[in-house]
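All remarks here apply to the structure that follows.
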Protein chains: 2
Amino acid sequence: MVSRRNQSVTVIDVAREAGVSKSSAARVLSGRGSASPATQRRVTEAAQRLGYRPNALARAMVSGSSHTIAAVIPDVANAFFSATLRGLTDAARSAGFEVIVSNTDNDADVEARSLELLAEKRADGFVVAPVFQDAPEAITRLVEDGTPVVLLDRRMPALADLPLVSVDHVGASRLATEYLIELGHRRIAIVTEAPDRLTDLRELPPDAEISSLRPSTQRLLGYVQALDDHGVELDQDLVLESDYDAGSARAAVSAALDAGLGFTALYCTDAIVTLGAYNAVADHQVAVPDDISFIGFDDQEWTTLVRPSITVIDQPRHELGSAAATRLLAQLRDIDPDERDLRLPAHLIPRESTAPPR
Amino acid sequence: MVSRRNQSVTVIDVAREAGVSKSSAARVLSGRGSASPATQRRVTEAAQRLGYRPNALARAMVSGSSHTIAAVIPDVANAFFSATLRGLTDAARSAGFEVIVSNTDNDADVEARSLELLAEKRADGFVVAPVFQDAPEAITRLVEDGTPVVLLDRRMPALADLPLVSVDHVGASRLATEYLIELGHRRIAIVTEAPDRLTDLRELPPDAEISSLRPSTQRLLGYVQALDDHGVELDQDLVLESDYDAGSARAAVSAALDAGLGFTALYCTDAIVTLGAYNAVADHQVAVPDDISFIGFDDQEWTTLVRPSITVIDQPRHELGSAAATRLLAQLRDIDPDERDLRLPAHLIPRESTAPPR
DNA sequence: GTGAAAGCGCTAACAG
DNA sequence: CTGTTAGCGCTTTCAC
């Protein structure tokens, strides 16, 4: 039981032990090239005996591939991203890749530094959920250098050329809104954290550009589209604007409730906003779904625990990550995908919080 | 905007551009060794001009350190581990390290393969939340080879020599149990997923070994200790055994409720078990805290959303991760820690689900 | 202070 | 099939 026994066992050691040349040993150890059965056996056994462990660093140096992909995301501790990361690592592993994670906290500088660092470590490719900014130079630099980059969940106009794997946010909102409309609702409020003004949205951007809007904006757009399609009038007062935090959403919904806007349904476009909105509804002791139907975003654990349980829009998080990884790996193998972008459908999970209006 | 521009810019290129020798360039680029201000400037500018990006792989090869640590955990998508991973990456980053993650799903083979793979990539050290098994050879092999390993959250007897960073599980349960006792409860039920028989626990193992018991067992032990300390009789019937899944916990608690065991408080020793138990209590329309006081485990989001809100035992997840990283990094720098193990205290967050018995 | 040269562990021609 | 040689990009003696 020698300390640091293997820290040093190299192909040369194995070759010596097996009584063959360095290259013969290397050949059988790497599985490339041919070797006689005898050599094969002797080398394998020698390696076994010595406890040889190939040095992936050295391999990467010469092969040019580290078999590592980088995931640059806002926060692993966030349920959405942790589930996505899981999908990512699963797909990566089955292709023989490992993943190295970095959190940005939506800070552009941190993102830039992470990207640079991971590029130095020679990650073969990047999956990044980028920080919203005008000039994501760190990303464009990677791309210019020929490093494959797949965008996850979001994309800005400056990155319009890059492949994007995301949920169909517009479709997700249409799903929710139409479900409510079909139940008979006409006055449907939406809680949104989209920073964009609603008026801008009425002049629908061409389809190509929609995917470069923020997810929150796309979700708002889906709501507008669904209303339009079904001839339901859009009431600006029912668009409840919130910041990206529960307290703000709670306040917005609370105010709307106090204002007596007379809406019969409430659709929340984001997990955190759902939380705040739910609290406001609980505070006001509104009867759900009798007085108000409620649709939340993301199939969070608590949505099945509260009474009534909450109807939600569920995003395929795991699949999102695995799709991103798969997409990236294809690019690494120079396989051209059919479509540049991949847009996964969200699903509606009907529960007790939605019903026809009274 | 040449494609793959940097994929190739090396120290040699920079040296040429700066009109100095390779080693001079390397010296200023790496920051080691000395160079005249003039050289310094020329090299720096040349590097800047060319968009030089150091190859960390090559650096690692010669320096012997990849500045990467491996996190081998059951599942990133699990809230506990994702929060812990966040702490881990935060601490790692501030020390200039990156982390590469691997999920084991509590499968020994997967764990062994991950460990091997990451060792091949020459991770400088490992933080692992090991799969419970008798002979974790993959781990011991690493240790024998001199690779620093820090255990996270759990440890088996076979790994008793390795440093462990964990929550004080025994203390966590004492906290919960004593809180209930002090409220006046005497018939306190516990929902446990500990596989160990309670009888074994009465013969308290020496302190050193306690930390090598499973977390669930330690939590059960804390409950027993607290009862003993306060002279409250332990009733075997109030130890509700469950598998590690919500359905099982729900069934166990449901059965206990039906059996009319007359307990006035219920303490759940794990997040998933809390979920099941909560459902059972809701099913039976037990009044909380009037009929039964309820303490859950882990400060999950939903515990503040349901009515009444749930009193919980909160584990310092983020801190757990950062402590593990810090511990590992210290070991990498050959710093001997004061204590081999690190045991972080859990906290009780009092909410509405607990009150004196009626 | 600076350059030449060796070497980290491995793979990939290239002869033999 | 096998051994010799060169080289991936970088750091590090070691003379000058």
Side-chain angles (χ1 to χ4, degrees), chain A residues 4-44 46-47 50-68 117 119-124 145, chain B residues 4-44 46-47 50-68 117 119-124 145:
Chain A
R4 301 195 171 248
R5 181 158 51 93
N6 285 316
Q7 289 303 62
S8 42
V9 180
T10 110
V11 219
I12 299 203
D13 299 319
V14 176
R16 186 166 359 192
E17 172 83 6
V20 299
S21 78
K22 175 183 159 187
S23 38
S24 286
R27 267 192 288 268
V28 358
L29 256 19
S30 70
R32 306 174 201 289
S34 47
S36 74
T39 309
Q40 198 120 2
R41 195 177 51 74
R42 302 179 63 189
V43 172
T44 311
L50 263 36
Y52 170 74
R53 179 148 53 204
N55 184 329
L57 254 30
R59 272 189 181 165
M61 276 231 52
V62 24
S63 74
S65 163
S66 61
H67 280 251
T68 300
L117 237 43
E120 290 183 0
K121 296 208 169 160
R122 296 304 189 260
D124 291 334
D145 291 350
Chain B
R4 302 198 169 246
R5 181 160 50 94
N6 285 317
Q7 290 303 61
S8 40
V9 180
T10 108
V11 219
I12 298 204
D13 299 319
V14 175
R16 186 166 1 192
E17 172 84 7
V20 299
S21 78
K22 174 185 162 186
S23 34
S24 287
R27 267 191 289 267
V28 358
L29 256 19
S30 70
R32 308 174 199 290
S34 47
S36 73
T39 309
Q40 197 119 5
R41 195 177 49 73
R42 303 178 63 187
V43 172
T44 311
L50 263 34
Y52 170 74
R53 179 148 52 205
N55 185 329
L57 253 31
R59 271 190 182 164
M61 276 230 53
V62 22
S63 74
S65 164
S66 61
H67 279 251
T68 300
L117 237 44
E120 290 184 0
K121 295 207 170 161
R122 296 304 189 260
D124 290 336
D145 291 350

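Proteins get letters first, then strands, A, B, ... in listed order; numbering begins at 1 in each.
- In this structure, the side chain to side chain contact (heavy atoms under 4.5 Å, CB included) partners of A:Ser63, at least two apart in sequence or on a different chain, are A:Ser65.
- With rounding to the nearest 0.5 Å, the separation of CZ in B:Arg59 from NE2 in B:His67 is 9.0 Å.
- Take B:Ala26 and apply the side chain to side chain contact (heavy atoms under 4.5 Å, CB included) test, not counting sequence neighbours, and it matches B:Val11.
- Regarding A:Arg32, its CZ atom lies at a distance of 20 Å from the P atom of C:dG9, rounded to whole Å.
- The separation between A:Ile12 atom CD1 and C:dC10 atom C1' is 9 Å, rounded to whole Å.
- Comparing B:Met61 and B:Gly19 by the nucleotide of DNA chain C whose heavy atom lies nearest to each, the residue mapping closer to the 5' end is B:Gly19.
- Not counting sequence neighbours, the partners of A:Arg42 by the side chain to side chain contact (heavy atoms under 4.5 Å, CB included) test are A:Ala18.
- No donor-acceptor pair closer than 3.5 Å links the side chain of B:Lys121 to the backbone N or O of B:Ser66.
- Residue B:Arg59 has no polar side-chain atom (N or O) positioned under 4.0 Å from OP1 or OP2 of D:dG9.
- In this entry the distance linking CZ of A:Arg42 with P of D:dC1 reads 16 Å, nearest Å.
- Counting only residues at least two apart or on different chains, the salt bridge (charged side-chain N to carboxylate O under 4.0 Å, His left out) pairs with a member in residues 17-27 of chain B are B:Glu17-B:Arg49.
- One atom, NZ of A:Lys121, and another, C1' of D:dC10, lie 16 Å apart when rounded to the nearest Å.
- Here A:Ser36 reaches the OP1 or OP2 of D:dT2: one of its side-chain N or O atoms lies under 4.0 Å away.
- For the helix from C:dG1-D:dC16 to C:dG16-D:dC1, the terminal axes (five pairs an end, C1' atoms, rotation from four pairs onto the next four) enclose an angle of 40°, given to 10 degrees.
- Nearest-nucleotide positions on DNA chain C for B:Val62 and B:Ala35 put B:Ala35 closer to the 5' end.
- Following rounding to the nearest Å, B:Gln40 (CD) and C:dT2 (C1') show an atom-to-atom distance of 13 Å.
- The side chain of A:Tyr52 approaches C:dC10 more closely than any other nucleotide in the set C:dT2, D:dC10, C:dC10.
- For the pair B:Asn55 CG and C:dC10 P, the interatomic distance rounds to 17 Å; values are reported in whole Å.
- Partners of B:Ser23 under the side-chain hydrogen bond (donor to acceptor under 3.5 Å, both in side chains) rule, at least two apart in sequence or in another chain, are B:Ser21.
- Note on A:Thr39: only backbone sugar-phosphate atoms sit closer than 4.0 angstrom, heavy atoms only; bases stay farther off.
- Of the residues in residues 20-27 of chain B, those lying under 4.0 Å from DNA chain D by heavy-atom distance are B:Lys22, B:Ser23, B:Ala26.
- For A:Thr10 and C:dC8, the shortest distance from a side-chain N or O to OP1 or OP2 is not below 4.0 Å.
- Within the 4.5 Å cutoff, side-chain heavy atoms of A:Val43 are placed close to those of A:Leu29.
- Separating the CZ atom of B:Arg53 from the P atom of D:dC10 is a distance of 12 Å, rounded to the nearest angstrom.
- Residue B:Leu57 contributes atom CG, which lies 15 Å from atom C1' of D:dG7 at whole-angstrom precision.
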Report, one line per pair, each donor and acceptor closer than 3.5 Å where one atom sits in a side chain of residues 31-39 of chain A; sequence neighbours left out.
unit_1, atom_1, unit_2, atom_2, d
A:Ser36, OG, A:Thr39, N, 3.2
A:Ser36, OG, A:Thr39, OG1, 2.8

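- With sequence neighbours left out, the side chain to side chain contact (heavy atoms under 4.5 Å, CB included) criterion links B:Arg16 to B:Ile12, B:Asp13.
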